[in-house]
Amino acid sequence: MEIPKTYEPQKAEEKWYAHWMNRGYFHSEPDKREAYTVVIPPPNVTGVLHMGHMLNNTIQDVLVRRARMLGKNACWVPGTDHASIATEAKVVQKLRQEGIKKSDLSRDEFLKHAFEWKEKHGGIILEQLKKLGASCDWERTNFTMDPEYSESVINVFIDLYKKGKIYRGVRMVNWDPEALTALSDEEVLHKEVNSKLFYVRYKVAGSDDQWLTIATTRPETILGDSAICINPNDDRFKHLHGKQAIVPISNRTVPIILDEYVDMEFGTGCLKVTPAHDTNDYELGKKHNLETIDIFNDNGTLNSLGLHYEGKDRFEVRKLIEKELYDKGYLVKTEDHINKVGFSERTNAVIEPKLSLQWFVDMKEISQPALENVMNGNIAFHPDKFKNTYKHWMENIKDWCISRQLWWGHRIPAWYYGSDSNDYVVCKTIEEAIELASAKAGREISAVELKQDEDVLDTWFSSWLWPISVFNGLTDPENEEIKYYYPTNDLVTAPEIMFFWVARMIIAGYEYMGELPFRNVYYTGIVRDKLGRKMSKSLGNSPDPIELIEKYGADGVRVGILISSPAGNDLPFDSSQCEQGRNFTNKVWNAYRLVSAWEVREMGQPRSAQVAIEWFDSKFNAALIEINDLFDKFRISEALMAIYKLVWDDFCSWYLEMVKPGFEQPIDAKTLEATKSFFEKLLKVMHPFTPFVAEELWHLIRTREKGDDIIVSQWPLAQTVDKKVLNDFAKAEEVITNIRNIRKQHSIANKVKIDLYVKKNRDLDQTFDAVILKMGNLSQLEYVTDNVGNANTFLVDGNEYFIPFGDSIDIEAERQKLQQELDYTKGFLVSVQKKLQNEKFVAGAPEQVVALEKKKESDALEKIAILEDKLSGLS
RNA sequence: GGGAGAUUAGCUCAGCUGGUUUAGAGCACCUGCCUUACAAGCAGGGGGUCGGGGGUUCGAACCCCUCAUCUCCCA
């Protein structure tokens with residue numbers, strides 16, 4: 001059968017993925033083997049695969065496939081996240097297109113739409129992961145709103161409440177006026193924007209014409225001012241102590257207070273205090289007992305306290321009020337100003353600090369073990385520089401606002417029965433609520449009187465339980481699976497969600513399992529485009545991963561995305577890398593084509609093949625040891641590069657060329673067998689990176705029993721490395737390269753056989769002479785004692801090599817070449833001798849270092865003598 | 001404003017406890033080859049005063065100081 005000249009990935013990918021699924025290789029059940037567990041960072045249920053997912057999941061698959069081959073019981077749990085804000089926003093938008101307003105729907109009606117949307121779009125991303133080759137245990141697919149999962153979330157809320165770690169309170173929160181919900185600090189992105197600094201003057205109360213001037217970026221909030229604050233040490237304003245000021249437009253009289261918080265350098269040194277609309281002002285307000293005047297509606301328009309601006313949007317009011325202040329003579333001047341403004345991560349709306357009644361988790365105490373166990377290395381970060389960032393955050397951890405004014409998510413299990421802010425109970429069911437509320441109120445409370453909290457929990461309040469809840473560790477703590485699979489082994493994720501997710505999973509792990517959730521965290525970088533921009537939908541600079549897979553094959557894309565992606569470094573992605581990956585799969589394919597064409601005949605094994613096998617055996621083992629070590633250090637892309645070079649350079653370019661019989665010549669059985677067995681080992685180490693082509697070739701290279709699949713084969717065991725063989729071969733390689741060079745310089749075709757003479761000045765191992773003969777296409781290799789005249793020469797390890805060419809030799813070129821080498825060697829000698837002449841070096845440096853320098857010196861001297869001798873012989 | 005990290009070839013990165021390094025790899029580039037596995041290939045080659053300056057040391061890409069530039073995180 002004719003084997004195609006290029007590898008065709010599509011068919012192989014479909015065939016083998018289906019085969020793996022049918023054989024149940026991805027499925028894991030607890031057994032006696034050591035468990036290796038990875039939980040997927042659950043993508044948004046309605047999301048689609050982007051390059052970040054590709055990177056992240058390829059790394060996970062590489063780790064999982066290798067663990068499986070190491071004989072571990074590998075379990076990779078997939079699933080999706082309900083992503084409350086993102087999903088709800090999408091559903092709202094879709095309904096709007098259909099002419100339905102969310103506010104016209106009841107909660108249940110809305111949730112029905114949301115679930116329909118989830119059924120329709122949910123899980124697309126998981127299907128896409130299959131195309132990539134992800135070997136997830138699909139029977140274990142989880143969703144953060146699955147009934148049992150939801151139960152854990154609610155249980156944890158109740159438990160933390162009972163422990164006094166969850167409280168309800170009025171706090172300054174980040175308000176998203178578009179999504180109409182509170183956000184956690186982590187969901188707010190701060191960006192620099194060009195804005196204006198407005199200088200506005202306030203009249204000092206009781207004076208005729210005494211003014212003070214404040215500077216603000218938000219003049220519209222003047223209507224909510226409750227004080228003016230100055231630094232008590234500011235000599236400029238001593239005369240204002242104890243006075244009051246009149247707020248422009250609203251004409252309210254507010255106190256002038258003193259606090260060292262005010263930066264005397266910034267603006268005018270006078271600060272307007274608006275406790276309802278600025279976090280720092282809120283703190284000031286609390287300290288000085290100021291009135292809190294909230295002038296905004298939830299959607300960012302002004303309310304009745306905004307006077308004649310009622311109903312207008314905050315940004316519109318900013319423009320209008322500027323004019324009014326100017327017209328009335330309050331606006332002193334404006335300046336251009338760059339400041340940082342918070343934006344909603346989801347809706348990109350400008351965040352409004354807003355006072356509201358929300359639920360919080362008290363983080364101080366429960367986060368302690370999470371900090372300790374990362375700092376002491378029980379949980380390892382790769383790269384570990386992220387420990388610093390983590391430490392900084394954990395040491396300054398703030399309480400976590402967990403309530404969201406949304407419907408899509410886990411509804412807060414709190415039940416209200418009265419008008420007092422304390423008239424509520426926290427429990428799972430309305431039946432319990434009736435009981436608890438009655439007890440608390442001291443009277444019979446009926447179901448009708450009870451109203452469940454309208455809010456849902458922050459999505460991360462469910463994802464932080466992910467490594468536990470996918471094994472039902474909270475609802476069924478004694479079950480076999482949680483005991484077997486938890487703690488999981490490695491987590492692969494992006495540093496952006498270190499606080500959102502990683503830190504909180506660690507916290508939940510210690511709080512609920514008394515143990516770490518995973519041992520290693522591998523942080524990937526951000527995938528960027530060629531220009532260094534983050535890949536994003538809005539920029540349209542992100543290639544569609546599925547199209548890439550169709551074009552380059554899944555293996556090609558996997559290689560392309562990993563080839564230059566060290567942990568924690570951003571990955572500037574360019575599709576040419578996938579081309580490199582595809583070329584690699586094609587190279588291996590063609591190596592197979594070559595080997596498959598060889599026919600065995602009973603014959604002796606050529607010497608060149610025999611030594612080639614000896615060499616590659618050591619070479620492979622040396623590389624395997626390195627590859628294992630790189631894996632242990634989570635240096636995944638370096639491991640891939642080591643494999644790439646082992647396969648392409650060592651196996652294809654050297655080994656196969658050495659054992660390859662002449663055109664249409666047969667091969668001996670021993671060499672073919674050794675070659676096939678090397679090939680199999682190479683396919684095994686390739687398999688985690690390029691699973692499809694590896695499986696395909698595994699089955700082509702030999703007929704296999706049922707169940708003999710590479711995915712479940714045993715990872716090669718590293719055997720002994722003969723360093724002498726490697727060393728001797730390196731010298732033979734150098735000789736061959738020199739021969740090729742001379743051929744090229746003199747345009748001698750590869751087909752033309754040439755002679756090589758060797759003058760032995762030193763011990764010379766002749767093991768690889770047969771290889772030199774073959775690879776150099778020599779007619780003979782002869783050892784001589786005298787110089788050979790009229791020849792090209794080169795030096796390897798102190799021995800002289802001659803290739804005579806009769807008349808064709810270009811003496812001048814040869815002289816130049818020798819002179820160049822001589823100059824370099826002399827320069828080198830000088831640098832070595834400088835060291836050796838330095839008495840302090842000889843006295844101070846370790847013996848070995850000095851001995852090495854001496855060896856370098858003698859080698860250089862010897863080389864110089866030979867080169868000079870040759871040069872003089874040329875004239 | 002606070003914190004972390006980075007700066008090595010055109011690009012992306014290695015270089016681990018300072019000494020086998022007048023610095024390595026892959027890609028890109030240049031030259032020659034359609035050599036009968038692969039032109040998605042083969043063979044060969046060029047390219048870096050290790051961001052600038054100062055210091056410690058017998059010895060610095062590596063340690064210290066300083067300046068510059070960039071990235072990320074937090075407020």
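Every chain is numbered from 1, with letters handed out A, B, ... down the list of sequences.
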*Using the C1' atom on both, measure B:C11 against B:G3 and round to a whole Å.*
30 Å
*Considering residues, nucleotides and ligands other than A:K387, do more than 12 of their heavy atoms fall under 6.0 Å from its NZ?*
yes
*Would you please confirm or rule out a distance under 4.0 Å between OP1 or OP2 of B:A39 and any side-chain N or O of A:K5?*
yes
*With sugar-phosphate meaning primed atoms plus P, OP1 and OP2, does A:K834 contact a base, only sugar-phosphate, or nothing at under 4.0 Å between heavy atoms?*
nothing
*Would you classify A:N741 as touching base, sugar-phosphate or nothing, given that sugar-phosphate means primed atoms plus P, OP1 and OP2, and contacts are heavy atoms under 4.0 Å?*
sugar-phosphate
*B:G41 P sits how many Å from A:L594 CG, rounded?*
16 Å
_Cation over ring face, A:R171 and A:F360, 6.0 Å, 45°_ = yes
_Counting the atoms with a prime plus P, OP1 and OP2 as sugar-phosphate, which does A:R635 contact under 4.0 Å by heavy atoms, base, sugar-phosphate, or nothing?_
sugar-phosphate
*Counting only side-chain N and O atoms of A:T737, is one of them less than 4.0 Å from OP1 or OP2 of B:G44?*
yes
Distance-only check: which donor-acceptor pairs under 3.5 Å involve side-chain atoms of residues 737-745 of chain A, not counting sequence neighbours?
| residue | atom | partner | partner atom | Å |
| --- | --- | --- | --- | --- |
| A:T737 | OG1 | A:E733 | O | 2.9 |
| A:N738 | ND2 | A:E734 | O | 3.0 |
| A:R743 | NH1 | A:A749 | O | 2.7 |
| A:R743 | NH1 | A:V752 | O | 2.8 |
| A:R743 | NH2 | A:V752 | O | 3.0 |
| A:R743 | NH2 | A:G776 | O | 2.8 |
| A:R743 | NH2 | A:N777 | O | 3.1 |

*What does A:R740 touch in the nucleic acid at a heavy-atom separation under 4.0 angstrom: a base, only the sugar-phosphate, or nothing?*
sugar-phosphate
_Polar pair under 3.5 Å, donor/acceptor by atom type, side chain A:K587, base B:C38_ = yes
*A:N583 has a side chain; which of B:G41, B:A37, B:G26 sits nearest to it?*
B:G41
*With the threshold set at 4.0 Å, does a side-chain nitrogen-carboxylate oxygen contact exist between A:K863 and A:D859?*
no
*Among B:G26, B:U20, B:A37, which is the nearest nucleotide to the side chain of A:K645?*
B:G26
_Return the CZ to CD distance between A:F692 and A:E13, rounded to the nearest 0.5 Å._
5.0 Å
*Taking the P atom of each, how far is B:G55 from B:G15, in whole Å?*
29 Å
*At under 4.0 Å between heavy atoms, what does A:S576 touch on the DNA or RNA strands: base, sugar-phosphate, or nothing?*
nothing
*Between CG of A:D650 and CG of A:L682, what distance do you get to the nearest 0.5 Å?*
9.5 Å
*side-chain contact (heavy atoms from CB on, under 4.5 Å) between A:L548 and A:M54: does it pass, once the steps are laid out?*
CA-CA 11 Å; A:L548 285 176; A:M54 294 287 279; 5.7 Å; no
*asked:* Using atom C1' in both nucleotides, what's the gap between B:U35 and B:G41 to the nearest angstrom?
replied: 11 Å
*What does A:K855 touch in the nucleic acid at a heavy-atom separation under 4.0 angstrom: a base, only the sugar-phosphate, or nothing?*
nothing
_Criterion side-chain hydrogen bond (donor to acceptor under 3.5 Å, both in side chains) on A:T690 and A:D555, from CA distance to verdict_ = CA-CA 5 Å; A:T690 57; A:D555 292 330; 5.1 Å; no
*Indicate, with a heavy-atom threshold strictly under 4.0 Å, whether A:E638 touches base, sugar-phosphate, or nothing.*
sugar-phosphate
*Check the distance between B:C42's P and A:R743's CZ and give it to me in whole angstrom.*
19 Å
Under-3.5 Å N/O pairs linking protein and nucleotides 55-59 of chain B:
| residue | atom | partner | partner atom | Å |
| --- | --- | --- | --- | --- |
| B:C58 | O2' | A:N838 | ND2 | 2.4 |

I'd like a table of atom pairs between the protein and nucleotides 5-8 of chain B - only N or O on both sides, under 3.5 Å - with the distance next to each one.
| residue | atom | partner | partner atom | Å |
| --- | --- | --- | --- | --- |
| B:G5 | OP1 | A:N388 | ND2 | 3.3 |

Tabulated below should be each protein N or O lying under 3.5 Å from an N or O of nucleotides 29-34 of chain B; please produce it.
| residue | atom | partner | partner atom | Å |
| --- | --- | --- | --- | --- |
| B:U31 | O2 | A:K744 | NZ | 2.4 |

*A:Y7 to A:A12 - nearest heavy-atom pair and separation*: OH-CB, 3.7 Å
_Can you tell me if A:K391 touches the phosphate of B:A4, counting only side-chain N or O atoms and a distance under 4.0 Å to OP1 or OP2?_
no
*Looking for any heavy atom pair under 4.0 Å, which part of the strands does A:S831 touch: base, sugar-phosphate only, or nothing?*
nothing
*Counting any heavy atom closer than 4.0 Å, what does A:Y644 reach on the DNA or RNA strands: base, sugar-phosphate only, or nothing?*
sugar-phosphate
Distance-only donor-acceptor hits, side chain of residues 827-836 of chain A, under 3.5 Å, sequence neighbours excluded:
| residue | atom | partner | partner atom | Å |
| --- | --- | --- | --- | --- |
| A:S831 | OG | A:F828 | O | 2.9 |
| A:Q833 | NE2 | A:E857 | OE2 | 3.2 |

*Considering all heavy atoms of both residues, which atom of A:I636 and which atom of A:F631 are nearest to each other, and what is their separation?*
CD1-CD2, 4.0 Å
_Between A:K633 and A:E638, does any side-chain N to carboxylate O distance fall below 4.0 Å?_
no
_I'd like to check, for A:W393, whether its ring lies over the base of B:C73 with centroids under 5.5 Å apart and a plane angle smaller than 30°._
no
_Counting the benzene-type ring for Trp, do A:F381 and A:Y390 have ring centres under 6.0 Å apart?_
yes
_Both A:R593 and A:Q580 contact RNA chain B. Taking the nearest nucleotide for each, which residue is further toward the 5' end?_
A:Q580
*What nucleic acid atoms does A:W598 come within less than 4.0 Å of, heavy atoms only: base, sugar-phosphate, or nothing?*
nothing
_Please determine whether side-chain hydrogen bond (donor to acceptor under 3.5 Å, both in side chains) holds for the pair A:N280 and A:Y261, giving the CA-CA distance in whole Å, both sets of side-chain angles, and the decisive distance to 0.1 Å._
CA-CA 9 Å; A:N280 296 315; A:Y261 163 77; 3.3 Å; yes
*Reckon A:E657 touches a base, only the sugar-phosphate, or nothing at all at heavy-atom distances under 4.0 Å?*
base
*Mind checking the P distance from B:A9 to B:A61? Whole angstroms is fine.*
15 Å
*Can you check the A:F573 CZ to B:G26 P distance for me, whole Å?*
21 Å
*Whole angstrom is fine here: how far is it from CG in A:D574 over to P in B:G10?*
18 Å
*asked:* I need the A:E8 CD to A:T585 OG1 distance, nearest 0.5 Å.
replied: 11.5 Å
_What does the 5'-to-3' dot-bracket notation of RNA chain B look like when only Watson-Crick and G-U wobble pairs under 3.5 Å count, and pairs to other strands show as |?_
(((((((..((((.....[....)))).(((((.......))))).....(((((..]....)))))))))))).
_Inter-nucleotide C1' distance (B:G18, B:C62), Å rounded_ = 6 Å
*asked:* Quick check: on RNA chain B, is the nucleotide nearest A:W648 upstream (toward 5') of the one nearest A:F386, or the reverse? Name the residue that is more 5'.
replied: A:W648
*Whole angstrom value for the distance that separates C1' of B:G3 from CG of A:N396*: 10 Å
_Does the plane of the ring in A:Y644 sit parallel, tilted or perpendicular to the ring in A:W648? Use 30° and 60° as the thresholds._
tilted
*Could you tell me whether A:S653 contacts a base, only the sugar-phosphate backbone, or nothing, with contacts defined as non-hydrogen atoms closer than 4.0 Å?*
sugar-phosphate
*Side chain of A:T389: nearest nucleotide among B:G41, B:C73, B:U22?*
B:C73
*A:F616: which of A:F678, A:F729, A:F679, A:W654 passes ring pair (Phe, Tyr, Trp, His ring centres under 6.0 Å)*: A:F678
